[in-house]
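Residue numbers begin at 1 in each chain, while the letters A, B, ... track the order of the sequences.
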There are 2 protein chains.
Amino acid sequence: MDNWDEVRTAFQVARMGTVSGAADVLGVHHATVIRHIDALEGKLGVKLFQRHARGYTATEAGEDLLLVAKATDDQFSQLEGRIKGSGDAVSGELVVTSLESMARLLAPIMTDFQAEYPEVIVRYLTGARLFRLEYGEAHVALRAGPKPQELDNVVQSLGRLRLGLFASPSYIERHGKPSGADDLAGHRFVGPDETRLRAPFLTWMKDNLKPEQIVFRTMDAIATEQAVIAGAGIGFLPLWVSHDHPELQEVMPALDEWSGELWLVTHVDLHRTTKVQAFVNFLKDRAAADWVCS
Amino acid sequence: MDNWDEVRTAFQVARMGTVSGAADVLGVHHATVIRHIDALEGKLGVKLFQRHARGYTATEAGEDLLLVAKATDDQFSQLEGRIKGSGDAVSGELVVTSLESMARLLAPIMTDFQAEYPEVIVRYLTGARLFRLEYGEAHVALRAGPKPQELDNVVQSLGRLRLGLFASPSYIERHGKPSGADDLAGHRFVGPDETRLRAPFLTWMKDNLKPEQIVFRTMDAIATEQAVIAGAGIGFLPLWVSHDHPELQEVMPALDEWSGELWLVTHVDLHRTTKVQAFVNFLKDRAAADWVCS
DNA sequence: CATCTATTGTGAGTATTTGCACAGAGAGGG
DNA sequence: CCCTCTCTGTGCAAATACTCACAATAGATG
C-alpha cells in the first residue's frame, strides 16, 4: 500500500462502477485507471474488482477499500478546506519573540492586537536564548542592532528606538543635575552588567564614562527602569517612559548616536500569510504612532 | 488535494522532520520529495513547512496535515492487512449458484463445507433467472449442459450427472414395470413443463414418448421427485436418489445418452482465491465420491 | 435482427516525473 | 578556528507513466 494515488483511483472506480467514469472524474485517461487497478491488485495479491463489459464491480476487498478510501477522501477534503481557509484567516497562534527589554513596548500592542482579532491566541516568547524563526519557534521577531542577515528572513525596519538619559527627582536632589555632556564626571549611573553587548548607547557609555561610575549593573530592563526611578543613578531609558513616569527628568538632550535601529523579522515562508501580515501592519502602525516621534 | 501521493510525501516529511529522512522512508530521491512538497504547497496556497538547513518543520497547516495523514496511513495499513489476510483466509461470504434441480446435491455438500470452514457464510442462490458470475452475483456456479463459453469464466468438468428412470412401488403395483426400452407405451411419466430445455434426457423423452404420456409436468426438481415417489408416474431422477429412497425401482438400465455433463464455473478474477479454491476442491472431492460412481 | 453506443483492453509515441551529480549553507567537533 | 558532516536546492539525463489510437465485446435501440 505504498502508492496512495492508486488507492484513490480504485476508490473512484468503486464509486463510479466504471473505469471510464472514474477516468472522467480523475481527469486522466481510462488506460491509466486500468493500469492503476492492475498494479494495486498485483501488489495486494487480491482482486479488487470483477471485470465485465459493463464496468467494474467491487469484490469484498474492493468494498472494504471503498469504505476506507471514502473516509480518507472526506478527511482530505475537510483538511483542504481548513488549510485553504486558514491561509486567509487571522486565527490560531501568533508567536512573537523579542529581547526581554522590549516587553514594555510590545505587551500593550499585542494586547490590542488580540482584542482586534479575537480568534488569535498571542504567545510572547522572551528569554535568555534567541528564539529562532527558522525552526518555527516564532512567527515574528523584533530585533535590535545591526540588520539581521539570515537568508530566509524577511527584514524590515521599524524605525529607531530612541533612548534618553533619565534621572529621578530623588537622585537630582542628592547629586544635582548635570549641566550637559561635559558635566557627567562624579555622577552615578545604572547600566548593563555585561560589556560584550554592542548596543550604540553602550559604546557611548564606554567612551564617556569611567567603569566605576556604573554603580548599579543589571541586564534586566525592568530592573534598570526601577533602579533609575528609585534614584540609584542616571540611566538610559526609552524616551516613552516619560509617559508612564513623568517625574523622571532628562538630564541632557538625547543624542542620535544613542538610538538603535529596530528590525521586524519574519520567516520568508510565513511572511505572506494573512495572519502575519495583519500583525506586522498593526505593529508598524503602532510603532509609528508611539515610538518614533515622542 | 488531487494527488494523494503528495500528501503521503508531506506526511513523511512532517513525521521525519527532514526531506532526506522522508526520502529514505519513501524509497525515492530527496529531490522528488522537495518537488512534491513544493507542488502541494503551490496547490494549497499555504506553506506547510518552514525550510532551514537542518530540515523541515511543520507549520500549523503542516501539523494539521500530519494528523490527518497519520490517520490515513493507519487506516490504509489496517486495510492492507485485512485485504492481504482475506486473500488467504477462508472466510466471509461464499456465494454459490446453480439450477434449482441441483439443490438436493449441493445442499449437503455446502453444509459440510461450512462445518469444515466455520468462518464462511455460505449463500446458495437459485431461482428462475441465471445468476451471473461476471457481475459478482456469485463466486461459483454449477452449470449443466454444453460447456459454458463465457470468456472470463474458468470452466472445469465435474463429471456427468447420471440419471435413471425410477418408479415407486405403488406405481408398479398399479401399472406394472416396463420390461425395457420397448415397453414404455401406455406408461405414465413425470416430466418437465417446458420443452425449450436442452437437457439430453429431454431429447430422449421427446423422441421416445408421446406427449400425452407425460401426465405430471413440473419444472421443480423436488416436485418431480415427490411425484415419482407418490406414484404419479415414471420419472428421471439422479441415480443417487436410491440412497435416500431405496424403495424406488429403476425401470430400465440407465443409458449414457441421458447423462449430462456438469460444469463447475468460477470467474477468472476469483478463481485463484484461497476461499474459492477451497470450495472447488471440496466440491470435486465430494462429487467424485458421491455422484459419478453410484 | 442489424446497428449503434458505451465500455474494457492493448500497443506505440510522447511528456512528465524521477534519479543523479554537484553546489551551498549551517551545525558540531577536535 | 578550520574541518567535516548533514541537509537542502537545482540543472540535466534517463526511466517511468501517461496519452492517444485502435480493436473487441456486449448491451441497447429502433
Side-chain angles (χ1 to χ4, degrees), chain A residues 2-6 8-10 12-43 47-58 62 129-130 132-137 148-153 267-269, chain B residues 2-6 8-10 12-43 47-58 62 129-130 132-137 148-153 267-269:
Chain A
D2 58 346
N3 196 327
W4 288 8
D5 267 339
E6 289 172 357
R8 177 163 178 264
T9 302
Q12 289 296 348
V13 172
R15 203 165 67 90
M16 295 284 111
T18 64
V19 169
S20 306
D24 284 344
V25 173
L26 295 168
V28 297
H29 202 271
H30 73 270
T32 304
V33 175
I34 292 176
R35 293 196 169 94
H36 277 187
I37 301 299
D38 290 345
L40 192 55
E41 286 181 340
K43 274 180 275 194
K47 288 289 175 188
L48 295 170
F49 299 95
Q50 290 187 57
R51 293 132 169 87
H52 46 85
R54 295 284 297 172
Y56 278 34
T57 57
R129 78 181 177 90
L130 209 62
R132 308 205 58 165
L133 299 177
E134 292 81 18
Y135 293 87
E137 292 181 315
Q149 296 295 336
E150 280 88 358
L151 279 179
D152 295 335
N153 289 352
H267 195 278
V268 66
D269 288 344
Chain B
D2 57 345
N3 195 327
W4 288 10
D5 268 338
E6 289 173 357
R8 178 164 177 263
T9 302
Q12 289 296 347
V13 171
R15 204 166 64 92
M16 295 285 110
T18 65
V19 169
S20 305
D24 285 343
V25 173
L26 295 168
V28 297
H29 202 269
H30 74 270
T32 303
V33 174
I34 292 176
R35 286 189 272 256
H36 277 188
I37 302 297
D38 289 346
L40 190 57
E41 286 181 339
K43 274 179 276 193
K47 289 287 177 186
L48 295 170
F49 300 95
Q50 289 187 56
R51 294 134 168 85
H52 47 86
R54 296 283 294 173
Y56 278 35
T57 57
R129 75 184 179 89
L130 207 63
R132 308 204 59 163
L133 298 176
E134 292 82 16
Y135 290 76
E137 292 182 315
Q149 296 296 336
E150 280 88 358
L151 278 178
D152 294 336
N153 289 354
H267 195 278
V268 64
D269 287 346

Nearest to the B:V19 side chain among D:dT8, C:dT8, C:dC20, which nucleotide is it? D:dT8

Over how many whole Å does the gap from B:Q50 atom CD to D:dC7 atom C1' extend? 17 Å

Nearest to the side chain of B:T18, which nucleotide is it out of D:dT19, D:dG27, D:dT8? D:dT8

Take the protein atom CG of A:N153 and the nucleotide atom P of C:dA25, then report the distance between them rounded to whole Å. 15 Å

Between D:dA28, C:dG19, C:dT8, which one does the side chain of A:I34 approach most closely? C:dT8

Could you tell me whether A:S20 contacts a base, only the sugar-phosphate backbone, or nothing, with contacts defined as non-hydrogen atoms closer than 4.0 Å? base

Whole angstroms only, please: what is the OH-P distance between A:Y56 and C:dT8? 7 Å

With a 3.5 Å cut-off and just heavy-atom distances, do the side chain of B:H52 and the base of C:dG26 make a donor-acceptor pair? no

How long is the line joining CG of B:L40 and P of C:dT17, in whole Å? 14 Å

Note, B:R54 side chain near A:Y135 side chain (heavy atom, < 4.5 Å): yes

Send over the distance from A:D24 CG to C:dA6 C1', rounded to a whole Å. 12 Å

Between B:T9 (side chain only) and B:D5 (backbone N and O only), is there a donor and an acceptor less than 3.5 Å apart? yes

Which sits closer to the 5' end of DNA chain D, B:R132 or B:H30, going by the nucleotide each is nearest to? B:H30

How do A:R51 and A:Y135 order along DNA chain C: which one's closest nucleotide is nearer the 5' end? A:R51

Between D:dC18, D:dG27, D:dG9, which one does the side chain of A:R54 approach most closely? D:dG27

Base D:dG9 to side chain B:R35, donor-acceptor N/O within 3.5 Å cut-off: no

Rounded to whole angstrom units, what separation is found between the CG atom of A:D152 and the C1' atom of D:dG9? 11 Å

Charged N to carboxylate O below 4.0 Å: is that the case for A:R51 and A:E41? yes

In whole angstrom, what separates B:D5's CG from D:dC18's C1'? 15 Å

Can you check the B:H29 NE2 to C:dC22 P distance for me, whole Å? 12 Å

Using only atom types and a distance under 3.5 Å, with no angle test, would you say the side chain of A:Q50 pairs donor to acceptor with the backbone of A:T57? no

With the threshold set at 4.0 Å, does a side-chain nitrogen-carboxylate oxygen contact exist between B:K43 and B:D2? yes

